[in-house]
Amino acid sequence: MAKIELPDGSILEAADGTTVQDIAERIGAGLAKAAVAGRVNGRLVDLSSAVNGRVKLSIITDKDEEGLEIMRHSCAHVMAEAICSIWPDAKLVYGPTVRDGFYYDIDLDEAIRPEDFERIEQKMSEIAGADKPMERIELSRTKALERVADDSYKIDNINRADGDVISFYSHGAGFEDLCRGPHVPSTGRVGNFKVMSVAGAYWHGDASEKMLQRVYGTTWRTKKELDDYLAMLEEAKKRDHRVLGKQLDLFSFHEEGPGFAFLHANGMIIWNEIIDFWRSVHEKYGYVEIKTPVILNEELWHKSGHWENYKENMYFTNVDGVNYAVKPMNCPGGLLVYKSRKHSYREFPMRVAELGLVHRNEASGQMHGLVRVRQFTQDDAHIFCTPKQIESEVVGVIELTMELYKAFGFVDYHIELSTKPDKHIGSDEIWEISTDALAKALEHKGIEYKINAGDGAFYGPKIDFHIEDCLKRSWQLGTIQLDFSMPERFELVYTDKDNTEKVPVMIHRAILGSLERFMGILIEHYGGNMPLWLAPEQMRVLPISEKSNDYARKLHGRLKDVGLRCGLDASDEKIGAKVARAHSDKAGYMLIVGPKEADSETVGVRRRASRDTKSYKIDEFISKVKCEIADKNVDLSL
RNA sequence: GCCGAUGUAGCUCAAUGGUAGAGCACAGCUUUCGUAAAGCUGAGGUUGAGGGUUCGACUCCCUCCAUCGGCUCCA
C-alpha cells in the first residue's frame, strides 16, 4: 500500500503501482485535467509513473513554472518530430528549454530557412492535433547503446548521462528520442507554439566541432500568452539602443569603421554628463586621474604578457621601422606612470583612474551596436596597495560600484566571480590567494554571487557585474581584477616600513566597464527617455503660433542662460504637431506658450509621456527643474 | 571567425526580368492655429561594392563588404 503525502499535509492511501495520473484524478477532475507531471519526493516524474511506498507527491500543472518548462521541453520534441518528418536525414542532437522557449540542435546538411517555419509549424499542429501519447521506455545502459548504435550523437549523450537506466520517449509509432524526461502525457498538451528562428551552433559549444543547426521555438499555455510574448518582443525592439540611437540622433556606425562608434552631438551630451558625474564620485572615493597613450612600443606588450595571451585581439602598426601596438588595455601604461618615480607604503592605497581609449579587434559577427565594439573607453583604474589592504580596497570598489549604478537607476544586476583560465600567467598559489581574497570581500559585503569557472583575465581572477539589455541578453559592465603578476613582471616596488623594497598588489577595476556599452544599456534601460540630468534636450519651447514667437525666443534665451538644455520649435506647424514631435524626440518638458502665457510671464509645462499641462511662473519652473537635475531624479516630476 | 538572413531616397518600407515608388524628414509657398502630426509644390537614387548571365537585372548567379539573429569569444 502506498501512503502519499500531499502538499497540504494530508495522506492519501492507494495501492502500490497507482500512477500519478490516478492520484490526480482522485484529488479532483480539474486538477487531473490540468496536470502535466508529478513531483515525487522532490523528483519530477511523468503522470504515467507509478507510486510505491511512503512518498511525498505534488501534482505539477501547466500553471507551475516547472509545468511550463516540461511543456516547452515536450514541444521541442514535437518540433523535432516535425523536422524529422520533413527532412528524414535530420539527426537530433540536443533539445533543451531556454528562457521563454526551447531549441533543438539538429545535424542536417540542407539549411533550414525561415520560409520553412510555417511548414514546420503545420506539421507540429498535425502532431499535436493527433494527441499521441508520449511514452517512456527505460533500458539498461547497454541496451540503450545498442538501440542507438548508428547514431553517434545519441551514443555521446548516453555516455554523458548519469545512472544505469537510460530513458527514451516515443510519440506513438514513428518517433522516438533519447531523453531524461519528464514529458507531458500526450502531444496535444504542448501549448500554443511558434518556431522563432534558426542559427548555427557548434556541437558541445566548441568552435572546433561541427556546426549544427539550432532551431528556436517558443510555446505558451494560451494563445493570449503567446501573443503577449510576441507583442513584448515587438515593444522591446523599440527600446533597442541601436534604433533609439538613430531616432534620437545619438550615434551612428559606418562601413568605413565597423565596430567604431561615431558619437553625435546629442550622444556627447549624455557621454559628458556621465563622465562629469563619474569624476565627482571618484574624487570623493580618493582617486586621482591620469591619461596614457593609445599607441605604445610592441616590446611593452611582450613584457606584459599581452603578446602571448591577447595578440589575436590587438591592432599593430609600424612607424619608421619600429613596431607599435594599439593598446587593448590601459594597465601597462599605468604601470609606466607608477614606475616614473619611487613610492612609499605611506602613499598606499594609491587609486589611479584613467578613462582609457582601448581597441580590441573583435572577430566580425560579434559586433552589436554600442555594447560590443572594437574601440571603447574604459572607466579604468589601478589600485596599488599592500596585500593587507586588498580586502578593504575591494570592498571600497564594490561600494563605489553600487553608488554609481544606483545613481543611474540600475538595481537589477548579478555578480560573478571568475577563476583561473587555461591561458594565464602566475603560479597556482597566487591564483588561489587572490581568488580567495575576492570571495572574502564579496562575503564580507553579504553579496550573492555565482562562480564562473575558468573565465578570469589571464593575469588574475575577477569579480564581474552583469546587466541585461532590452532583449534579456546579459552584458558585463564593471569588473574588479586582482593582479599579482603584472607588478612583478614590471618590477614595481614600494619602500615598506622596514625600509625594504616590496612588490605592490595591483587591482584593476572598471565600474561602468565600457562607456559605450554603458551608454547603450542606459538608453535601453530608459527606452530613450533619459532622466533630466542626462537628457540631451531637457525641455523645448513650443509657441502656439508665430504671434508668440517673440515671447518664446525670450523664454528660450532665458532658460539657456541659466544653463538648461532647451530647444525651440518656431516652425510653422500647429501646436498639436509640435507636441507630437517633441514627444517622439523625447524632450523632457514641453513648454507651451501663447498670448495667455506672454501676458502673465508664465509657461504651460507639459511633461514627456503625460497629457497634463500645468502653468508655472518662469522662475518657479527654473528652480524646480534645477532641483530635479541636481538630485538626478530618475522620473520627471510635476 | 562559423551558420543563416538582410542590404532600394536622411529614416521606415513598396516595386517577382521590361521607364525605381510611397509615408515621414528636407526646401519653397499657403495657413497663424491652444496640447500626440494642416494643405500645395519641389528636390532627393550608378538599388551596399565588383563581376557574370540576358536584347534588357533592384529582381537570376558568383565574389567581397556591412548589418541583423544565433554560436564561439568578450567590456
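A, B, ... follow the sequence lines: proteins, then strands. Residue 1 opens every chain.
- Nucleotides B:rG70 and B:rU41 are separated by 48 Å at their C1' atoms, to the nearest Å.
- A:G513 comes within contact range of no nucleotide atom at all, as no heavy-atom separation falls under 4.0 Å.
- The interatomic distance linking A:R242 (CZ) with B:rG69 (P) rounds to 4 Å, in whole Å.
- Residues A:R160 and A:D156 are paired through a salt bridge, judged by an N-O separation under 4.0 Å between the basic side chain and the carboxylate.
- Looking only at distances, no side-chain donor or acceptor of A:E362 sits under 3.5 Å from a matching main-chain atom of A:M367.
- Interface remark: the A:E362 side chain does not form any donor-acceptor pair with the B:rC74 base, using a distance-only criterion of under 3.5 Å.
- Base pairing of B:rC64: its partner is B:rG48, meeting the Watson-Crick or G-U wobble criterion (both donor-acceptor distances under 3.5 Å).
- The base-pairing partner of B:rA9, taking Watson-Crick or G-U wobble contacts with both distances under 3.5 Å, does not exist among the strands shown.
- Rounded to whole Å, the P atom of B:rG10 lies 31 Å from the corresponding atom of B:rC2.
- If you look at A:H508 and A:Y459, their ring centroids are closer than 6.0 Å.
- When the P atom is used for both B:rG4 and B:rC40, the distance is 48 Å, rounded to whole Å.
- In this structure B:rC71 sits in a base pair with B:rG1, meeting the Watson-Crick or G-U test at under 3.5 Å.
- One can find a donor-acceptor pair under 3.5 Å joining the base of B:rA36 and the side-chain atoms of A:R606.
- Once the 5.5 Å centre distance and the 30° plane angle are applied, the aromatic ring of A:Y216 is found not to be stacked with the base of B:rG70.
- Using a 3.5 Å distance cut-off with no hydrogens or angles, the side chains of A:T292 and A:K327 do pair a donor with an acceptor.
- You'll find that the side chain of A:A363 is closest to B:rG1, out of B:rU35, B:rG1, B:rA37.
- Counting any heavy atom pair closer than 4.0 Å across all strands shown, A:R473 reaches sugar-phosphate atoms only and no base atom.
- Closest contact between the side chain of A:A111 and the listed nucleotides B:rG4, B:rA38, B:rC74 involves B:rG4.
- Among the protein residues, A:G205 comes within range of the sugar-phosphate backbone only, with heavy atoms under 4.0 Å from sugar or phosphate atoms but none that close to a base.
- Ring pair A:F102/A:F193: centre-to-centre distance not below 6.0 Å.
- Nucleic acid contact class of A:D464 (heavy atoms, under 4.0 Å, all strands): none.
- A gap of 26 Å separates the P atoms of B:rG42 and B:rA37, to the nearest Å.
- Base pairing annotation: B:rC55 forms a Watson-Crick or G-U wobble pair with B:rG18, both donor-acceptor distances under 3.5 Å.
- Across all strands shown, A:E597 has heavy atoms under 4.0 Å from base atoms, whether or not it also approaches the sugar-phosphate.
- With a cut-off of 3.5 Å on both Watson-Crick or G-U wobble distances, the partner of B:rC26 is given as B:rG42.
- At a cut-off of 3.5 angstrom, the base of B:rG70 holds no donor-acceptor pair with the side chain of A:Y202.
- No hydrogens or angles considered: nothing links the side chains of A:S571 and A:E573 as a donor-acceptor pair under 3.5 Å.
- Judged by distance alone, with hydrogens and angles left aside, A:Q366 brings a side-chain donor or acceptor within reach of the base of B:rU72, the pair sitting under 3.5 Å.
- No hydrogens or angles were tested; on distance alone, a donor-acceptor pair under 3.5 Å links the side chain of A:R372 to the base of B:rC73.
- Comparing B:rU72, B:rU32, B:rA66 by their closest approach to the side chain of A:K547 singles out B:rU32.
- Comparing the same atom, P, in B:rA49 and in B:rC74 gives a spacing of 36 Å after rounding to whole Å.
- The nearest heavy atom of RNA chain B to A:R214 and to A:V579 marks one nucleotide each, and the one closer to the 5' end goes with A:V579.
- Inspection of the A:D379 and A:H282 side chains reveals no N or O donor paired with an N or O acceptor under 3.5 Å.
- Closest to the side chain of A:S514, out of B:rA75, B:rG69, B:rA66, is B:rA75.
- Among the nucleotides B:rC74, B:rU67, B:rU12, the one closest to any side-chain atom of A:M367 is B:rU67.
- Checking B:rC71, B:rA36, B:rA25 against every side-chain atom of A:A580, the shortest atom distance belongs to B:rA36.
- Between B:rU12 and B:rG48, the distance separating the two P atoms is 14 Å to the nearest Å.
- Pair assignment for B:rC33: none, as no Watson-Crick or G-U wobble contacts are both less than 3.5 Å.
- The side chain of A:K574 places no N or O atom within less than 4.0 Å of a non-bridging phosphate oxygen (OP1 or OP2) of B:rU32.
- Across B:rA27 and B:rA20, the matching P atoms stand 28 Å from one another, rounded to whole Å.
- With B:rG34, B:rG69, B:rG1 as the choices, the nucleotide that has an atom nearest any side-chain atom of A:S364 turns out to be B:rG1.
- A gap of 15 Å separates the P atoms of B:rG52 and B:rC58, to the nearest Å.
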